Amino acid sequence: MLQWAGLYNLTTRTLAMELADAGLSPLLIQELVTVITRINYGQSVNMSGLAGAVSLAGSGGGLWSIKGGNWQMAAGLIDHSEVELHLHEEIESISSKGEYYELNSTQRKSYTCDVAVVATPLDESSVQFTPPISIPKRELQHTHATFVRGLLNPVYFGLNSVAEIPELVGTIEDPDLPFSSISVLKQHNENDFTYKIFSRKPMADATLDSIFSVRTETIRINWGAYPHYTAPEVFAPFILDGQHLYYVNAFENAASTMETSTTAAENVARLILSRFFTSEPISLANLSSSSDGGVRHVDL
């Protein structure tokens, strides 16, 4: 998929290499690009080039969100698909029975299906597969999101007043810095804000007490957000067993976003249509259009 799109080589080199080849100065990479990658992927410019490019694309001003929260995107798609949703239930094992798959859950329930799609990272998952599957080892990048209601301490930042502190404080790669970014999430009044802090490690209370002069509420979330990108990337397959066990998150080694996950999910859906329902790859003329009159890639 990536080779067809002309993007695969970006997964084989670091973002720093790509930017240096593009003529960016080391200082600009260190003081601007690094700040962006630390915020958007929690990693340095040593991450792979394609994920780094996606990180930079997410720093522009032409970004969109759904009023009321982006969670409505997933909720709306679930409602539209009219699927049977099992909340508060995890799949413990997936076993191939030849003509079908058997899925066993934490609620001691068993499900059988002709096609099984894994749509969650397997890197920290305890799902047992029979027969066992083999995928490249991959680490997740954990982002610690800390939400604090209170007021920043200007002395910590070497300033005289809170008004001098920008709405977004970014950081460069420095092991002595305890956070990746601090941003204003909401202003309640002149002396009452809600802030969002990203860090690679949990924010200790003592550290927060030095950063904030007032701290009335604190919420911590440890988030296994995306892969830890390392060039050259090694990809797991979309098809895990050569049959009908599919893995959407294989694509996350390229980049991890709602949009790229949608691309991967569409690819899996097309694979199911062409591999399970027909003996030959189906024509997708009714599913997509080609404005340039070129060849449609039914395997994408």
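Here the structure is a predicted model, which means the values were calculated and not measured.
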Donor-acceptor pairs under 3.5 angstrom involving side-chain atoms of residues 156-167: please list them, not counting sequence neighbours.
unit_1 : atom_1 : unit_2 : atom_2 : d
S161   : OG     : E164   : OE2    : 3.4
E164   : OE2    : N160   : N      : 3.1
E164   : OE2    : S161   : N      : 3.1

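By the 30° and 60° cut-offs, the orientation of the rings of F251 relative to F238 is parallel.
When only modelled atom types and interatomic distance are considered, S44 and E173 share no side-chain donor-acceptor pair under 3.5 Å. Side-chain contact annotation: N104 with S93, donor-acceptor N/O pair under 3.5 Å present.
By the rule that hydrophobic residues join a cluster once side-chain heavy atoms approach within less than 4.5 Å of another member, L10 and L15 end up as members of separate clusters. F147 and I197 fall into different hydrophobic clusters, where Ile, Leu, Val, Met, Phe, Trp and Tyr are joined by side-chain heavy atoms under 4.5 Å apart, directly or via other members. Under the 4.5 Å side-chain heavy-atom criterion for ILVMFWY residues, no single connected hydrophobic cluster contains both L50 and Y226. Put simply, L240 and V268 are part of two different groups of oily side chains (I, L, V, M, F, W, Y) that touch within less than 4.5 Å, one to the next. At a threshold of 4.5 Å between side-chain heavy atoms, the hydrophobic network of Ile, Leu, Val, Met, Phe, Trp and Tyr places L152 and M203 in one connected group.
Surrounding CD of E139 are at most 12 heavy atoms belonging to other residues, nucleotides or ligands under 6.0 Å away. Counting non-hydrogen atoms of other residues, nucleotides and ligands closer than 6.0 Å to NE2 of H80 gives a total of 12 or fewer.
Ionic pairing of R38 and D174 is not present here: no N-O contact between side-chain nitrogen and carboxylate oxygen is shorter than 4.0 angstrom.
For the side-chain contact (heavy atoms from CB on, under 4.5 Å) criterion with I172, the lone passing option out of V35, V33, L32 is V35.
Atom CE of M47 is separated from atom NE2 of H228 by 9.0 Å, given to the nearest 0.5 angstrom.
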